[in-house]
Number of protein chains: 2
Amino acid sequence: MKKGLTEICYKFFNNLANPTRLATLEKLMEKPMSVTELAAALGQEQSMISHNLKPLLKCNFVFIEKQGKKSIYSANQETIGTLFKAVEVHAEKYCPTGGKCLKEAN
Amino acid sequence: MKKGLTEICYKFFNNLANPTRLATLEKLMEKPMSVTELAAALGQEQSMISHNLKPLLKCNFVFIEKQGKKSIYSANQETIGTLFKAVEVHAEKYCPTGGKCLKEAN
DNA sequence: TATTCATATGAATTATAATTCATTTGATAG
DNA sequence: CTATCAAATGAATTATAATTCATATGAATA
């Protein structure tokens, strides 16, 4: 691991460590969507989706394409796909309780 | 991505979204160490290292082996290696400023 | 079995991030 | 050019997490 990558990693994982952003990414992995569509699909306020898309966009976890007054967002399939896969692999091998541990207090 | 993995992902990334824990993992990727050694290597208080090792251990990002009064921690090379590599690959392709964006305000 | 070393824990404080609500900007259509 | 729809922004509030400090546990040794 190169020097300084810890800092990048922090920003990187911090960006992903949010339920709204993860749900947004999960939706966008299915297909590109507008902000309004995302808000409807996730049952969240439009402003909240916008706020959360911003950091995802900044780190290129999602891409934007403006279509008239709409902004169509799409997921970075390469990066997000790799990460979700990595979590899946880890969980399968190292979370024998199937996420039961998540319910407990820290 | 399986149903319910969003929740697991949240816990997963949340666990990694911390500078102390990332620095700890980076150190442990080099070689197994005791809590005291880690504290010295990172210039942090022992209690802080212990506090931060706890969630890493819980998700099996690190492993523990007790040697007398010492606790020797080691990294889960498989998972952490994969993740760090993924960040590296992403950063190389999608962070053209070389992390310069990290300095700016959100 | 008292003492020391290593680690873990609890609880309070401090710092950081998420969410909401009001408002603004930008684009298109009437 | 003004009304409407879509998205973005700002600022205040609320929620979460990190850090510190004091203390407790547990193992080894004199």
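Here is how names work: the chains are called A, B, and so on, in the same order as the sequence lines, proteins then strands, and each is numbered from 1. Since this is a predicted model, take the numbers as computed values, not measurements.
- Taking only side-chain nitrogens and oxygens, B/Asn18 never comes nearer than 4.0 Å to OP1 or OP2 of D/dA17.
- D/dT19 atom P lies 12 Å from atom CG of B/Leu42, rounded to whole Å.
- The pair A/Glu78-B/Lys93 meets the salt-bridge criterion, since a charged nitrogen lies less than 4.0 angstrom from a carboxylate oxygen.
- For the OP1/OP2 pair of D/dT16 and a distance below 4.0 Å, the side-chain nitrogens and oxygens of B/Tyr10 include no atom meeting the criterion.
- Cluster annotation: A/Leu25 and B/Tyr94 are assigned to distinct hydrophobic clusters (Ile/Leu/Val/Met/Phe/Trp/Tyr, side-chain heavy-atom contacts under 4.5 Å, transitive).
- The side chain of B/Asn52 contributes no N or O atom lying less than 4.0 Å from OP1 or OP2 of D/dA18.
- Using a 4.0 Å cut-off, no side-chain N or O of B/Ser47 falls inside it from OP1 or OP2 of C/dA8.
- Between the side chain of A/Arg21 and the backbone N or O of A/Asn15, at least one donor-acceptor pair lies under 3.5 Å.
- The CG-P distance, from A/Leu38 to D/dA6, rounds to 14 Å in whole Å.
- Residue A/Ile49 contributes atom CD1, which lies 15 Å from atom P of D/dT9 at whole-angstrom precision.
- Using a 4.0 Å heavy-atom cutoff across all strands shown, A/Ile64 reaches sugar-phosphate atoms only and no base atom.
- Heavy-atom nearest nucleotides on DNA chain C were determined for A/Gln44 and for B/Met48, and the one closer to the 5' end corresponds to B/Met48.
- Side-chain nitrogen and oxygen atoms of B/Tyr73 include none within less than 4.0 Å of the OP1 or OP2 phosphate oxygen of C/dA6.
- Both geometric conditions, a ring-centre gap below 5.5 Å and a plane tilt below 30°, are not fulfilled together for B/His51 over the base of D/dT19.
- C/dT9 atom C1' lies 15 Å from atom CD of B/Glu45, rounded to whole Å.
- A residue-by-residue look at A/Pro19 and A/Gly68 shows that A/Pro19 has its nearest nucleotide of DNA chain C further toward the 5' end.
- At D/dT19, one or more side-chain N or O atoms of B/Thr20 fall inside 4.0 Å of OP1 or OP2 (strictly under the cut-off).
- Under the 4.5 Å side-chain heavy-atom criterion for Ile, Leu, Val, Met, Phe, Trp and Tyr, A/Leu42 and A/Tyr73 are members of the same hydrophobic cluster.
- At whole-Å resolution of the value, NZ in B/Lys66 and C1' in D/dG26 are 8 Å apart.
- If you take CG of A/Asn14 and P of D/dA17, they are 11 Å apart, rounded to a whole angstrom.
- Looking at heavy-atom distances under 4.0 Å, B/Leu57 makes no contact with the nucleic acid at all.
- Atom NZ of A/Lys70 is separated from atom P of C/dG26 by 20 Å (rounded to the nearest Å).
- B/Gln46 contributes no side-chain N or O that forms a donor-acceptor pair with the base of C/dA6 under 3.5 Å.
- You'll find the side chain of A/Phe61 reaches within 4.5 Å of the side chain of A/Leu16, heavy atoms only.
- Side-chain proximity of A/Lys69 to D/dG26, D/dT9, C/dA27: nearest is C/dA27.
- As rounded to whole Å, 12 Å separates atom P of D/dT9 from atom NZ of A/Lys58.
- Residue contacts for A/Ser71: at a heavy-atom cut-off of 4.0 Å it reaches the sugar-phosphate backbone alone, with no base atom in range.
- Checking the phosphate oxygens (OP1, OP2) of C/dA6, no side-chain nitrogen or oxygen of B/Ser34 falls inside 4.0 Å.
- A/Leu53 contributes atom CG, which lies 10.0 Å from atom CD of A/Gln46 (distance to the nearest 0.5 angstrom).
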